[in-house]
Number of protein chains: 2
Amino acid sequence: MNSGILTIGDLSKATSTKVETIRYYERIGLLAPPARTAGNYRAYGDTELGRLSFIRRARDLGFGIDQIRALLSLSEKKKRSCKAIDAIARQHLADVDSKLADLMALRSELDSIIRQCGCGTIANCRIIEALAPIDASHR
Amino acid sequence: MNSGILTIGDLSKATSTKVETIRYYERIGLLAPPARTAGNYRAYGDTELGRLSFIRRARDLGFGIDQIRALLSLSEKKKRSCKAIDAIARQHLADVDSKLADLMALRSELDSIIRQCGCGTIANCRIIEALAPIDASHR
DNA sequence: CTTGACCCTGTAGTTGCTACAGGGTGCAGT
DNA sequence: ACTGCACCCTGTAGCAACTACAGGGTCAAG
């Protein structure tokens with residue numbers, strides 16, 4: 001029922017991916033060059049739809065292109081242990097955690113700076129002062 | 001004591017900014033073109049050091065270049081109210097909060113996917129399955 | 001007077017797209 | 001048959017915010 005020939009626009013709608021992005025994925029080798037119609041239009045099938053969905057989902061979860069490349073290549077070797085997959089995912093989780101920590105630290109610093117603002121004139125603005133913490137030992 | 005002529009390397013060390021980055025800031029107009037020595041070396045003073053410190057601190061806090069441009073230009077109008085400064089900072093805090101929320105949602109999803117991994121073969125890997133949530137209503 | 005650390009300009013690469021420009025294709029309506 | 005119009009094609013350039021050369025010049029120490 002769903003299995004027909006899909007244009008790039010169909011794929012785009014089905015996966016909420018811009019047409020240009022799909023062509024970009026093809027250019028960088030994340031998607032294989034598909035068959036073409038008589039009029040030189042790209043013709044996709046369900047296999048490509050699945051692969052692109054996988055890619056998009058992984059991107060949404062913050063995986064980088066190279067990680068996705070690795071995941072895709074591993075996912076084809078069905079008999080091997082999925083330890084390598086697990087390792088990639090865990091590494092990514094660690095990266096996310098470290099980004100989260102950074103962002104939370106940043107947030108709290110920013111928040112404390114903003115809280116000090118009495119909204120007077122800029123000459124005595126606490127935010128500006130907090131941003132320019134130069135050692136005033138000289139002059 | 002500290003007030004002499006600073007080379008770009010001095011500025012680089014003092015602010016933990018790469019030399020190339022300083023030149024980049026000059027190119028995009030965030031730093032004014034400095035004086036030059038006889039040998040065409042950039043010659044900075046404490047003013048530039050202060051300005052660059054400000055920029056780096058703001059970057060560390062996640063402000064974008066355009067926001068920093070606005071902060072710098074506002075910080076020169078000392079008599080005006082610092083409401084505009086406050087608004088930029090609050091906007092940035094809101095952006096950070098929204099990024100944090102996204103990242104935390106992502107983290108928990110990633111975590112739950114990883115937790116399902118029994119580390120069997122890839123053919124039945126839960127991580128791969130979770131990444132390819134294609135509607136299987138057809139075929 | 002040479003060696004090495006520094007500086008200069010200019011350009012290209014990074015990541016993951018996005019946005020044209022300048023065309024071709026396919027189909028519906030008249 | 002013709003005319004729109006939506007869609008497709010390739011190729012290139014742009015975004016943020018740097019980073020990394022290449023291919024040269026300058027300067028102080030030994």
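Please read these numbers as outputs of a predicted model, since none were measured by experiment. Proteins get letters first, then strands, A, B, ... in listed order; numbering begins at 1 in each. The figures that follow rest on heavy atoms only: side chains count, while hydrogens, waters and symmetry mates do not.
A/D66 has its CG atom 15 Å from the C1' atom of C/dC17, to the nearest Å. Atom P of nucleotide C/dC6 and atom NZ of B/K18 are separated by 15 Å, given to the nearest angstrom. When the C1' atom of D/dT19 is taken as reference, atom CD1 of B/I28 falls 14 Å away, rounded to whole Å. As a whole-Å value, the separation of B/I8 CD1 from D/dT26 P is 17 Å. Rounded to a whole Å, the CG atom of A/L11 is 15 Å from the C1' atom of D/dC7. Distance B/R27 CZ to D/dA17 C1': 11 Å, rounded to the nearest Å. In this structure, CD1 of B/I22 is placed 16 Å from C1' of C/dT9, rounded to the nearest angstrom. The nearest whole Å value for the distance from the CD1 atom in A/I5 to the C1' atom in D/dC8 is 15 Å.
Residue A/T21 places at least one side-chain N or O closer than 4.0 Å to OP1 or OP2 of C/dT18. Look at A/R36 and you'll find a side-chain N or O under 4.0 angstrom from OP1 or OP2 of D/dT10. Between A/R59 and the phosphate of C/dC17, there is a side-chain N or O to OP1/OP2 separation shorter than 4.0 Å. Distances shown here put every side-chain N or O of A/R42 at or beyond 4.0 Å from the OP1 or OP2 atom of D/dC7.
The A/N40 side chain lies nearest to D/dC9 when the options are C/dC6, C/dC8, D/dC9. Of the candidate nucleotides C/dC17, C/dT11, D/dA17, C/dC17 has the atom nearest to the side chain of A/I65. Residue B/Y24 places its side chain closer to D/dA17 than to any other of C/dC17, D/dA17, C/dA19. For A/R56, whose side chain is taken as the heavy atoms from C-beta onward, the closest listed nucleotide among D/dC18, C/dC17, C/dC20 is C/dC17.
Residue-to-nucleotide contacts include a donor-acceptor pair under 3.5 Å from the side chain of B/Y41 to the base of D/dT26. With hydrogens and angles ignored, no donor-acceptor pair under 3.5 angstrom links the side chain of A/Y25 to the base of C/dG16.
If you check every strand for non-hydrogen atoms under 4.0 Å, A/R23 touches a base. Nucleic acid contact class of B/T7 (heavy atoms, under 4.0 Å, all strands): sugar-phosphate only.
Residue B/E26 is the one, among A/F63 and B/E26, whose nearest nucleotide of DNA chain C lies closer to the 5' end (criterion: closest heavy atom).
Linking Ile, Leu, Val, Met, Phe, Trp and Tyr whenever their side-chain heavy atoms come within less than 4.5 Å leaves A/Y41 and A/I22 in two separate clusters.
Nearest heavy-atom pair, B/L103 versus A/K99, reported as atom, atom and distance to 0.1 Å: CD2-CB, 3.9 Å. When all heavy atoms are compared, the tightest approach of B/A43 to B/P34 is O-CB, 3.7 Å.
Using a 4.0 Å cut-off between a side-chain N of Lys or Arg and a carboxylate O of Asp or Glu, B/R69 and B/D66 qualify as a salt bridge. Remark: A/R27 does not engage A/E20 in a salt bridge, criterion side-chain N to carboxylate O under 4.0 Å.
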Worked verdict on A/E26 versus A/R51 for salt bridge (Lys or Arg N to Asp or Glu O under 4.0 Å): CA-CA 12 Å; A/E26 182 182 328; A/R51 190 170 171 106; over 6 Å; no
